[in-house]
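Just follow the structure's listing: the first ligand is 1, and inside any ligand the first atom is 1.
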Amino acid sequence: MHVFVTGATGFVGSAIVETLLAKGHQVTGLVRDLAKAQPLIAQGMVPQPGEMAAAQTYLPVVPTVDAVIQAAQLSVQGRFTNASKQQINQADQHMTLALAQACLQHDKRLVYTSGCFNYGDHGATWIDETTPAIPSPLGEGHAAVVAQLLALHHQQGLNVIVLSPGFVYGPGGLFKASFYDTLKKGQLRVFGKGDNYWSPIHVQDLAHAFEKALDQGKAGEVYNIVDDEPLPLRQLVNHLTTSQGVKPVGSIPPWLIGLLIGRPLVQSLTSSFRVNNQKAKQELNWKPVYARFEQGIIGVLSTLNTKA
Ligand SMILES: NC(=O)c1ccc[n+]([C@@H]2O[C@H](COP(=O)([O-])OP(=O)(O)OC[C@H]3O[C@@H](n4cnc5c(N)ncnc54)[C@H](OP(=O)(O)O)[C@@H]3O)[C@@H](O)[C@H]2O)c1
């Protein structure tokens, strides 16, 4: 297949591009920084310079490919406030709906990257794709876009598949910035008690799910992409510190960390999402190589420690 991947140089997008290229697909990637895209170009990706706000930079690609994967997300600096949340959500909505209209017009498959914050806080209750979305602040934007995409599927036949990754970890991205780097600086803390469930997924397992979704996903369906064993946040952080050979870290009250990094972010990160992956396993013919965070984190830390 020839696939157009937006956000190609991002944490999730670059893993998707590398997986698709390794599987023999042709990939065009939307990039805003050609220098950052060089490693992907060297592996065979064709770069399409572009910008989320400028639809004319990416819509002409749609008729030339077999499928589109939307994995771009507006980068905003500083504390995560309601204003930054609104900016991110507007950019996502503008771009995704433009891509959806182009996919409808040219009869292409669209795979949209959503997230598990859409479900909101469900305590220790297992979440599957039928669980109603009562989004945490970080999930509000994706939840609204997903509702619009599914309406376009039902009303106009849009060939869309939604993948909802849990907490994505790997040697880069948000995981590196928020966990690995802060641990190295001695600043990593668990927000509150840490008894809220997180559902991790290794970035390579997530990329494989995208590859499977391209030809095995059913149009109009949502698939949760998480590993087999969601775990409380405190346990996740303890696995990280144990694997890195350092002492367990302390806790910080959510209200206090909220002042530093923004309340909507902390409210989302302290929510509990214990997510089930059965549907993706059954319908996408996919399963995570790293079934548990405890397994996947070892290689991730080894890669990051080698680079450091
Ligand atoms: N990471 C997670 O744990 C996680 C979990 C669940 C869902 N998701 C979802 O996965 C998607 C991708 O997340 P990510 O972690 O890969 O984020 P990321 O690493 O920040 O990547 C975002 C991508 O979007 C590009 N981008 C940012 N602003 C742009 C603009 N104005 N115009 C064009 N491109 C722009 C970035 O380009 P540059 O490379 O040039 O910065 C980058 O390629 C998001 O929708 C996110 O909500 C992520």
Checklist entry - In the protein, which heavy atom is nearest to atom 4 (C) of ligand 1, and how far is it? => result V168 CG2, 3.5 Å

Item to check | Heavy-atom pair with the smallest gap, counting every atom of A100 and L149 | outcome: CB-CD2, 3.8 Å

Next on the checklist: Distance alone, cut at 3.5 Å: any donor-acceptor contact between the side chains of T242 and N238?
Outcome noted: no

Next on the checklist: Heavy atoms only: which of H142, M52, Q73, M95 lies closest to atom 17 (O) of ligand 1?
Outcome noted: Q73

Checklist entry - Taking R109 for the side chain and L214 for the main chain, is one N or O donor matched with an acceptor at less than 3.5 Å? => result yes

Checklist entry - Short question: side chain of D128, backbone of N276 - any donor-acceptor pair under 3.5 Å? => result no

Item to check | For atom 31 (N) of ligand 1, the protein heavy atom that lies nearest, with its residue and separation | outcome: E51 OE2, 3.0 Å

Checklist entry - Does a side chain donor of either E211 or T19 reach within less than 3.5 Å of an acceptor in the other side chain? => result no

Checklist outcome for this item: Between F273 and the options Y119, Y197, F117, the ring pair (Phe, Tyr, Trp, His ring centres under 6.0 Å) test singles out F117

Item to check | Ring geometry between F175 and F167 (parallel below 30°, tilted from 30 to 60°, perpendicular above 60°) | outcome: tilted

Checklist entry - Taking N or O atoms only and a 3.5 Å limit, does G50 qualify as a polar contact for ligand 1? => result no

Checklist entry - By number and element, which atoms of ligand 1 are closer than 4.0 Å to a non-hydrogen atom of K36? => result 38 (P), 39 (O), 41 (O)

Checklist entry - Contact between G173 and ligand 1, counting heavy atoms under 4.0 Å? => result no

Checklist entry - Short list, please: which atoms of ligand 1 are under 4.0 Å from a heavy atom of L74? => result 27 (C), 28 (N), 31 (N)

Checklist entry - Going by distance only, is there an N or O of G115 that falls short of 3.5 Å from an N or O of ligand 1? => result no

Checklist entry - Counting only heavy atoms, which portion of R32 has something under 4.0 Å from ligand 1: side chain, backbone, both, or neither? => result side chain

Item to check | Interfacing atoms of ligand 1 (cut-off 4.0 Å, heavy-atom, G7) | outcome: 23 (C), 24 (O), 43 (O)

Item to check | Protein contact to atom 16 (O) of ligand 1 [nearest heavy atom, distance to 0.1 Å] | outcome: V12 N, 2.9 Å

Item to check | Identity and distance of the protein heavy atom lying nearest atom 12 (C) of ligand 1 | outcome: A71 O, 3.4 Å

Checklist entry - Under 6.0 Å from the NZ atom of K287, do we count more than 12 heavy atoms belonging to anything else shown? => result no

Checklist entry - Just which atoms of ligand 1 are under 4.0 Å from any heavy atom in T113? => result 9 (C), 10 (O), 11 (C), 45 (O)

Next on the checklist: Does the protein come close to atom 20 (O) of ligand 1 - that is, does one of its heavy atoms sit below 4.0 Å from that atom?
Outcome noted: no

Item to check | Heavy-atom pair with the smallest gap, counting every atom of V62 and K108 | outcome: O-CE, 3.6 Å

Checklist entry - Have Q216 and E283 got a donor and an acceptor in their side chains that come within less than 3.5 Å? => result no

Checklist entry - How far is atom 7 (C) of ligand 1 from its nearest protein heavy atom, and which residue and atom is that? => result S114 O, 3.1 Å

Checklist outcome for this item: The answer for which part of S75 has a heavy atom under 4.0 Å from ligand 1 is both

Next on the checklist: Using a 4.0 Å cut-off to any heavy atom of A72, which atoms of ligand 1 qualify?
Outcome noted: 24 (O)

Checklist entry - Judging by distance only, is a nitrogen or oxygen of G166 under 3.5 angstrom from one on ligand 1? => result no

Item to check | Q204 backbone acceptor or donor facing H208 side chain under 3.5 Å | outcome: yes

Checklist entry - How about F293 and H202: are their ring centres within less than 6.0 Å of each other? => result no

Checklist entry - If you count the atoms of ligand 1 from 1 in the order shown, which ones are under 4.0 Å from a heavy atom of T9? => result 37 (O), 38 (P), 39 (O), 40 (O), 43 (O)

Next on the checklist: Can you confirm, on distance only, whether ligand 1 has an N/O atom lying under 3.5 Å from any N/O atom belonging to G10?
Outcome noted: yes

